[in-house]
Amino acid sequence: MYAQMIKTAHKGVHKREDMSPEERAFQDKIDADIKIEPRDWMPDDYRATLIRQIGQHAHSEVVGQLPEGNWITRAPTLERKAILLAKVQDEAGHGLYLYSAAETLGETRDELVRLLHEGRMKYSSIFNYPTLNWADIGAVGWLVDGAAIVNQVALQRTSYGPYSRAMIRICKEESFHARQGYHAIMKMAFGTPEQKKQAQDAVNRLWFPAIMMFGPSDADSTHSEQSMAWKIKVKSNDELRQQFVDQTVPQIEYLGLDLPDPGIKWNEERGHYDFSDPDWSEFFDVIKGNGPCNVDRLQNRVAAWEDGAWVRDGLLAHAEKKAARKVAAE
Amino acid sequence: MTVDKNLLLQFLLRQGDNTLILGHRVSEWCGHSPVLEEDIALANTALDLIGQTQMWLGYAAEVQGEGKTADDLAFLRDAWDFRNVLLTELPNGDFGQTLMRQFLFDAFQSVLMGRLMGSTDETVAAIAAKASKEVAYHVERSADTVVGLGDGTEESHNRMQAALEYLWPYVGEMFESDETDAAMAAAGIAPDPSTLRAEYDALVTRVLAEATLTLPESRYAHKGGRTGRMHTEHLGHLLATMQWLQRAYPGCEW
Amino acid sequence: MKNEWPLWEVFIRGQHGMSHRHVGSLHAPDADMAIKNARDVYTRRNEGVSIWVVEARHIAATAPGDKGPLFEPSESKVYRHPTFFDIPDEVGHM
């Protein structure tokens with residue numbers, strides 16, 4: 001998802017008999033669905049894991065501006081340009097809300113950004129894929145935001161109060177993202193043969209990267225158990241992936257596009273769609289930095305940050321001078 | 001009083017092309033600003049400008065009466081048809097240059113929109129009424145940023161002074177007037193731009209003084225954009241990007 | 001890099017809201033810019049008609065551990081709530 005492969009500091013789940021009285025009280029609250037708030041006692045691992053998860057989520061929003069931002073200046077109509085710009089702007093807002101949530105845990109935004117730029121924190125694998133034609137913009141809104149929202153809706157119930165509240169706000173704002181994406185790709189799929197070709201190309205290219213967003217299969221996901229016990233992860237990777245596939249296949253069919261995976265088939269017995277496993281070696285390559293856009297994405301972020309240093313410093317210096325002048329005048 | 005349709009069209013294209021081209025430039029920042037808060041604010045400015053473009057060019061298309069839309073005008077004209085002032089098509093440069101350009105334009109718009117609200121043309125007055133609220137915020141924000149950066153660190157001050165020197169020769173064009181402007185003024189549709197200069201100078205001088213920046217002495221003005229006589233080389237590249245899809249796949253619905 | 005802009009808490013009163021509600025935080029060099037940033041970040045969807053910003057370090061808050069002593073005593077004062085009192089229907093709305 002937007003936060004993938006988040007490691008907890010230890011393996012397995014804390015056992016109740018090994019817990020300190022504080023930790024037991026903490027776990028009781030979580031089990032009773034009482035939110036943990038910034039100044040509450042929390043285990044160091046919980047805090048560290050959350051910082052990694054929320055930080056990665058925030059980084060994903062901000063890096064996620066880039067693939068869609070790639071098309072703002074080429075949007076084909078004024079309305080599409082406005083919609084796309086508003087949408088990418090929302091991603092910046094979501095990044096901001098999430099960094100704020102992480103800041104309540106005692107980690108500054110600047111520090112998280114530094115860790116990202118040094119390659120010590122990650123962002124979602126999906127944003128290392130390129131957007132190559134206009135239909136990709138539809139597909140990203142529909143498939144990528146669609147996948148994200150499946151996860152984020154679940155995360156509204158996460159145990160950490162500020163994270164949960166950020167998710168609620170984000171979900172409210174995101175509801176238009178998937179719809180505008182589907183609306184845009186509908187125009188392409190029902191348009192000229194050339195437009196339809198672009199739509200098919202977009203779905204073919206982005207399908208597997210989108211379902212990889214949920215992370216590796218539960219069987220191979222070693223870090224989930226403690227996160228589930230802490231309710232910072234609410235549903236399993238496979239559960240969320242299945243939910244996404246089930247809701248998306250009929251949407252592809254409605255567009256009259258070929259399914260991007262020959263393995264997609266309705267399974268009467270399970271009451272779900274079967275689908276092929278993505279190539280997980282590709283996923284791990286992307287995570288390691290070898291995706292098609294990893295280097296560019298990070299360079300872009302670092303450049304924006306470094307080129308902007310004089311602006312941040314300048315405005316702060318002015319604010320300080322102004323405050324000093326005010327004090328002197330009083 | 002009736003006004004020549006073609007002159008009114010020229011006037012509307014000048015308004016719509018200014019906001020179209022500047023909105024496009026500002027939108028180039030999305031995802032690349034110095035800090036998230038500024039990224040979001042710049043996107044808001046660009047969105048306002050795109051919205052104003054839809055109104056100005058929508059009305060222009062209506063006046064033209066050839067069954068075209070605002071999109072047709074934005075995406076299917078070539079460089080010599082554009083009537084924006086050169087200032088709006090200049091490249092973004094660094095963040096300081098972008099904000100200085102924004103301020104120099106916002107200041108003009110804030111004076112102009114105030115007058116256009118009293119236009120004898122109801123549609124022009126209505127567009128100006130909506131735009132004036134947006135512009136009032138834009139100029140406040142860009143002025144604050146120009147002051148903050150001008151009076152910030154030595155580096156930010158120097159960059160802002162350099163931006164001002166680069167952009168100042170493009171300010172004069174906004175106050176040019178020709179037969180179109182004379183006709184608009186005579187019909188009470190819009191003021192003659194040359195009559196706005198004193199108010200503009202007062203605003204700009206005050207803000208730049210607060211920003212500790214020095215106004216260049218030369219009043220030399222590059223021009224040609226608003227008459228279409230001569231644009232900068234930058235416009236063609238902007239249009240090549242902006243119009244590409246519409247040009248490559250003509251007649252599609254998007 | 002110790003020059004991060006200060007953190008501000010943002011409170012917004014909506015169209016029909018009676019009071020300002022905390023909506024989130026942001027960074028800004030000073031109060032003026034914090035208000036402008038709040039307008040751009042937190043009122044993109046017509047959410048507000050009034051904005052307050054407070055620098056986060058100036059907010060004093062209760063400690064979570066004090067929750068018992070601070071708030072539980074009020075739980076037993078049910079007579080402060082109107083539904084505590086049974087008023088006969090014949091009396092009418094009160």
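Quick note on labels: first sequence line is chain A, next is B, and so on, each numbered from 1. This is a predicted model, so every value here is computed, not measured.
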Peer 1: Around A:Lys321, counting heavy atoms of other residues, nucleotides and ligands shown, do more than 12 lie under 6.0 Å from its NZ?
Peer 2: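 Above 12, so yes.
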Peer 1: Does any part of the side chain of C:Trp5, heavy atoms only, come nearer than 4.5 Å to the side chain of A:Arg109, both counted from C-beta?
Peer 2: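 No, their side chains stay 4.5 Å or more apart.
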Peer 1: Just wondering, are more than 12 heavy atoms of other shown residues or ligands nearer than 6.0 Å to CZ in A:Arg24?
Peer 2: yes
Peer 1: Identify which of A:Arg39, A:Lys322, A:Glu37, A:Glu103 forms the greatest number of heavy-atom pairs closer than 4.5 Å to chain C.
Peer 2: A:Arg39
Peer 1: Would you say C:Asp30 and A:Glu320 make side-chain contact, with heavy atoms under 4.5 Å?
Peer 2: no
Peer 1: Heavy-atom count around C:Lys77 NZ within 6.0 Å, excluding the residue itself: above 12?
Peer 2: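 Yes, NZ of C:Lys77 has more than 12 neighbouring heavy atoms, counting only those of other groups under 6.0 Å.
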Peer 1: Between C:His27 and A:Leu96, is any pair of side-chain heavy atoms under 4.5 Å apart?
Peer 2: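 No, their side chains stay 4.5 Å or more apart.
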Peer 1: Please tell me if the side chains of C:Asn3 and A:Arg312 come closer than 4.5 Å, counting only heavy atoms from C-beta onward.
Peer 2: no
Peer 1: Rounded to the nearest 0.5 Å, what's the gap from OH on A:Tyr99 to CG on C:Leu26? Could you check?
Peer 2: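 These two atoms lie 15.5 Å from each other.
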Peer 1: Could you have a look at A:Gln89, A:Arg165, A:Arg169 and say which one has the most heavy-atom pairs with chain C under 4.5 angstrom?
Peer 2: A:Arg169
Peer 1: Report yes if some heavy atom in the side chain of C:Glu4 is under 4.5 Å from a heavy atom in the side chain of A:Glu111; otherwise report no.
Peer 2: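 In short, these two side chains do not touch, never coming nearer than 4.5 Å.
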Peer 1: How close do C:Ser25 and A:Ser100 get, counting heavy atoms only, and between which atoms?
Peer 2: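 Nearest heavy atoms, C:Ser25 then A:Ser100: O-OG, 3.5 Å.
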Peer 1: So which bits of residues 77-85 of chain A come within less than 4.5 Å of chain C, counting non-hydrogen atoms only?
Peer 2: none
Peer 1: Quick one: what part of C:Glu47 sits under 4.5 Å from any heavy atom of chain A, side chain, backbone, both or neither?
Peer 2: side chain
Peer 1: Please check if atom CZ in A:Arg325 has more than 12 non-hydrogen atoms from other residues, nucleotides or ligands closer than 6.0 Å.
Peer 2: yes
Peer 1: Can you see which heavy atom on C:Pro29 is nearest to which on A:Leu315, and at what distance?
Peer 2: CB-O, 3.6 Å
Peer 1: If I measure from the heavy atoms of chain A, does C:Ala31 come under 4.5 Å with its side chain, its backbone, both, or neither?
Peer 2: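 It is neither, since no heavy atom gets under 4.5 Å.
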Peer 1: So, A:Asp90 and C:Arg45, do they make that salt bridge, N to O below 4.0 Å?
Peer 2: yes
